[in-house]
Chemist: 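Have a look at the structure that comes next, please.
Residue numbers start at 1 and run along the sequence shown.
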Amino acid sequence: MSFKGQNYWALILGGSSGFGLAAAKELASRGMNICVLHRDRRGAMARVEQEFDSIRAAGVQFKAFNIDALSPDGRATVLGELPEVLAGGKVRLLLHSIAFGSLKLIGPRLDVGICPTSGLSEKLGLSAQAIQSAADELFAAGGVAYHSLATQPTYNDELLLDQEELLSTVHAMGASLLTWTQELFRKRLFASDSRVIGLTSEGNEVAWLGYAAVSAAKAVLESVSRSIAKEYGPHGIRSNIIQPGVTDTPALRLIPGGQHLLARAEQRNPLGRTTQTEDVARVVAFLASEDASWINGSILRVDGGEHISGS
């Protein structure tokens with residue numbers, strides 16, 4: 001499918017890494033113009049600009065705003081400049097790929113279970129430290145089978161999630177989808193046939209440690225998307241959510257135990273590997289196409305069967 005010659009734009013919230021960046025590259029390769037909102041410090045810009053150059057090389061129009069997409073001022077700045085950036089074009093796709101929130105526990109943990117290396121130490125007559133070091137080294141080298149023996153992630157039991165952090169996470173990763181949809185609609189920047197896409201995760205229904213605020217945000221995101229599908233559908237806007245499998249992204253690396261989640265996902269996936277950002281980007285491009293015009297209000301799993309293979 002190609003978007004060449006249609007003067008369509010994708011507005012990507014959070015497009016300098018992970019799913020947002022992969023989607024920008026995929027859409028650009030198919031002829032869609034790209035506008036990326038991102039929030040990166042000066043030290044990261046060399047890497048970011050190199051990625052953006054690869055999008056420009058596709059021959060599409062490209063604009064990046066290094067700005068806070070969640071603040072009223074940032075949003076007003078982008079919306080004020082966007083008509084000139086689009087130059088008569090329209091937003092075919094709004095992709096919400098913001099990963100910004102709290103990863104704190106909501107309550108202190110108790111140590112439960114046994115330490116497997118201690119049992120091996122007694123059985124093999126080796127020091128527990130030697131066995132632990134070996135397991136950690138093998139796991140770090142990509143040995144996913146060693147994740148249960150590797151040192152388990154640590155959590156801060158004192159700095160627990162508070163109400164302000166919960167609400168800010170829900171806004172950033174959930175409710176802001178509605179705000180951007182409403183503002184783009186008010187400004188008449190959407191194409192007559194357009195798409196809104198958000199990204200959720202299996203943490204929407206599985207209680208991962210430290211994921212409470214993000215889980216709440218994903219629930220809001222999914223609910224808001226359904227309402228957009230219902231109430232903006234008559235205006236030509238389709239709204240859907242993609243649920244990728246566990247994917248090695250900068251956002252995942254911030255989650256305590258993220259590498260353990262990745263290892264478990266690889267072990268249980270029927271296709272023998274974890275989800276890649278490019279897998280998701282291709283589905284984003286599909287949902288933006290004419291072929292997906294009758295998909296609205298859905299949550300699509302893009303995980304190679306990871307979810308149905310149990311935990």
Chemist: Would you say the side-chain atoms of Glu183 pair up with the backbone N or O of Thr181, donor to acceptor, closer than 3.5 Å?
Modeler: no
Chemist: Could you pull out the closest heavy-atom pair between Ala58 and Ser29, with the gap in Å?
Modeler: CB-N, 4.3 Å
Chemist: Got Pro108 and Leu160 here, is their nearest side-chain heavy-atom distance under 4.5 Å?
Modeler: yes
Chemist: Taking side chain as C-beta onward, heavy atoms only, is Ser194 less than 4.5 Å from Ile237?
Modeler: yes
Chemist: Can any side-chain N or O of Asn33 pair as donor or acceptor with the backbone N or O of Asn7 at less than 3.5 Å?
Modeler: no
Chemist: For the OH atom on Tyr146, are there more than 12 heavy atoms of other groups (residues, nucleotides or ligands in this structure) within a distance under 6.0 Å?
Modeler: no
Chemist: Given side-chain contact (heavy atoms from CB on, under 4.5 Å), test Leu161 with Ile106 step by step and report yes or no.
Modeler: CA-CA 5 Å; Leu161 183 73; Ile106 61 172; 3.8 Å; yes
Chemist: Return yes if some donor-acceptor pair links the side-chain N/O of Asn240 with the main-chain N/O of Gly297 below 3.5 Å, else return no.
Modeler: yes
Chemist: Given Glu306, which partner from the list Asp303, Ile308, Val302 fulfils the side chain to side chain contact (heavy atoms under 4.5 Å, CB included) test?
Modeler: Asp303
Chemist: Hey, could you give me the NZ/CG distance between Lys104 and Leu166, rounded to the nearest 0.5 Å?
Modeler: 12.0 Å
Chemist: What distance do Thr275 atom OG1 and Phe19 atom CZ have between them, rounded to the nearest 0.5 Å?
Modeler: 7.0 Å
Chemist: Checking the side chain of Lys90 only, and the main-chain atoms of Arg188 only, is there a donor and an acceptor separated by less than 3.5 Å?
Modeler: yes
Chemist: More than 12 foreign heavy atoms under 6.0 Å from CD of Glu137: is that the case here?
Modeler: no
Chemist: Please report the C-alpha distance between Glu278 and Arg282 in whole Å, then the side-chain angles of each, then the deciding distance to 0.1 Å, and finally whether the salt bridge (Lys or Arg N to Asp or Glu O under 4.0 Å) criterion is met.
Modeler: CA-CA 6 Å; Glu278 293 78 12; Arg282 286 189 288 272; over 6 Å; no
Chemist: Is there a path of hydrophobic side-chain contacts, each under 4.5 Å between heavy atoms of I/L/V/M/F/W/Y residues, joining Ile242 to Met173?
Modeler: no
Chemist: May I ask whether Tyr211 and Val220 are part of the same hydrophobic cluster, defined by side-chain heavy atoms of I, L, V, M, F, W, Y residues being less than 4.5 angstrom apart, directly or through others?
Modeler: no
Chemist: Measure the shortest side-chain to side-chain distance between Leu82 and Leu11 over non-hydrogen atoms and say whether it is less than 4.5 angstrom.
Modeler: yes
Chemist: What is the distance from atom CD of Glu49 to atom OG of Ser16, rounded to the nearest 0.5 Å?
Modeler: 10.5 Å
Chemist: Kindly assign one of parallel, tilted or perpendicular to the pair Phe3 and Tyr8, based on the angle between their ring planes and the thresholds 30° and 60°.
Modeler: perpendicular
Chemist: Are Ile55 and Leu95 connected into the same hydrophobic cluster when the rule is that any two of I, L, V, M, F, W, Y join if their side-chain heavy atoms are below 4.5 Å apart?
Modeler: yes
Chemist: Answer yes if Ile67 and Val36 sit in the same cluster of Ile, Leu, Val, Met, Phe, Trp and Tyr residues linked by side chain heavy atoms under 4.5 Å apart, and no otherwise.
Modeler: no
Chemist: Should Glu81 and Phe65 count as side-chain neighbours, where that means a heavy-atom distance under 4.5 Å?
Modeler: yes
Chemist: Taking Trp180 as the fixed residue, which of Val196, Leu37, Ile98 is the one that meets the side chain to side chain contact (heavy atoms under 4.5 Å, CB included) rule?
Modeler: Leu37
Chemist: Between Arg238 (side chain) and Trp294 (backbone), is there a donor-acceptor pair under 3.5 Å?
Modeler: no
Chemist: Got Glu205 and Lys218 here, is their nearest side-chain heavy-atom distance under 4.5 Å?
Modeler: no
Chemist: Between Asp68 (side chain only) and Arg39 (backbone N and O only), is there a donor and an acceptor less than 3.5 Å apart?
Modeler: no
Chemist: State the CD1-CD1 distance between Ile34 and Ile12, to the nearest 0.5 angstrom.
Modeler: 4.5 Å
Chemist: Hey, does the side chain of Arg195 reach the backbone of Ser289 with a donor-acceptor pair shorter than 3.5 angstrom?
Modeler: yes
Chemist: Verify the neighbour count for atom CD1 of Ile299: are there more than 12 heavy atoms of other residues, nucleotides or ligands below 6.0 Å?
Modeler: yes
Chemist: Are there over 12 heavy-atom neighbours, none belonging to Arg253, within less than 6.0 Å of that residue's CZ?
Modeler: yes
Chemist: Is the shortest heavy-atom distance from the side chain of Phe185 to the side chain of Ile228 under 4.5 Å?
Modeler: no
Chemist: Within the 4.5 Å heavy-atom criterion, are Asn66 and Val48 side-chain neighbours or not?
Modeler: no
Chemist: Is there side-chain contact between Arg92 and Asp193, with at least one heavy-atom pair below 4.5 Å?
Modeler: yes
Chemist: Provide the closest heavy-atom pair for Thr169 versus Gly101 in the form atom of the first, atom of the second, distance.
Modeler: OG1-CA, 3.4 Å
Chemist: Applying a strict under-4.5 Å side-chain criterion to I, L, V, M, F, W and Y, I'd like to know whether Leu86 and Leu79 cluster together.
Modeler: yes
Chemist: Closest heavy-atom contact between Phe139 and Ala150?
Modeler: CD2-CB, 3.6 Å
Chemist: In Å, rounded to the nearest 0.5 Å, how long is the span from CD of Glu222 to OG of Ser298?
Modeler: 12.0 Å
Chemist: With no hydrogens and no angle check, is any side-chain donor or acceptor of Thr247 less than 3.5 Å from a backbone partner on Thr249?
Modeler: no
Chemist: Tell me the closest heavy-atom pair linking Gly74 and Ser71, and the distance in Å.
Modeler: N-OG, 2.9 Å
Chemist: May I have the step-by-step check of side-chain contact (heavy atoms from CB on, under 4.5 Å) for Leu221 and His96, ending in yes or no?
Modeler: CA-CA 10 Å; Leu221 183 79; His96 187 286; 4.2 Å; yes
Chemist: Could you walk me through whether Leu287 and Leu300 pass side-chain contact (heavy atoms from CB on, under 4.5 Å), step by step?
Modeler: CA-CA 10 Å; Leu287 287 176; Leu300 287 80; 4.1 Å; yes
Chemist: Over all heavy atoms of both residues, which pair between Leu103 and Leu254 is shortest? Give the atoms and the distance, please.
Modeler: CD1-O, 3.3 Å
Chemist: Quick check on salt bridge (Lys or Arg N to Asp or Glu O under 4.0 Å): which of Arg264, Arg301, Arg268 does Glu202 satisfy it with?
Modeler: Arg268
Chemist: Can you tell me if His147 and Glu266 form a side-chain donor-acceptor pair at under 3.5 Å?
Modeler: no
Chemist: So, for Ser97 and Leu199, which heavy atoms are closest and what is the spacing to 0.1 Å?
Modeler: OG-CD1, 3.6 Å
Chemist: CD of Glu51 to OG of Ser17: how many Å apart, nearest 0.5 Å?
Modeler: 9.0 Å
Chemist: Would you say Gln61's side chain and Met32's backbone share a donor-acceptor pair under 3.5 angstrom?
Modeler: no
Chemist: How about Phe100: does its CZ atom have over 12 heavy atoms from other parts shown lying under 6.0 Å from it?
Modeler: no
Chemist: For Ala172, is there any backbone N or O sitting under 3.5 Å from a side-chain donor or acceptor partner on Ser176?
Modeler: yes
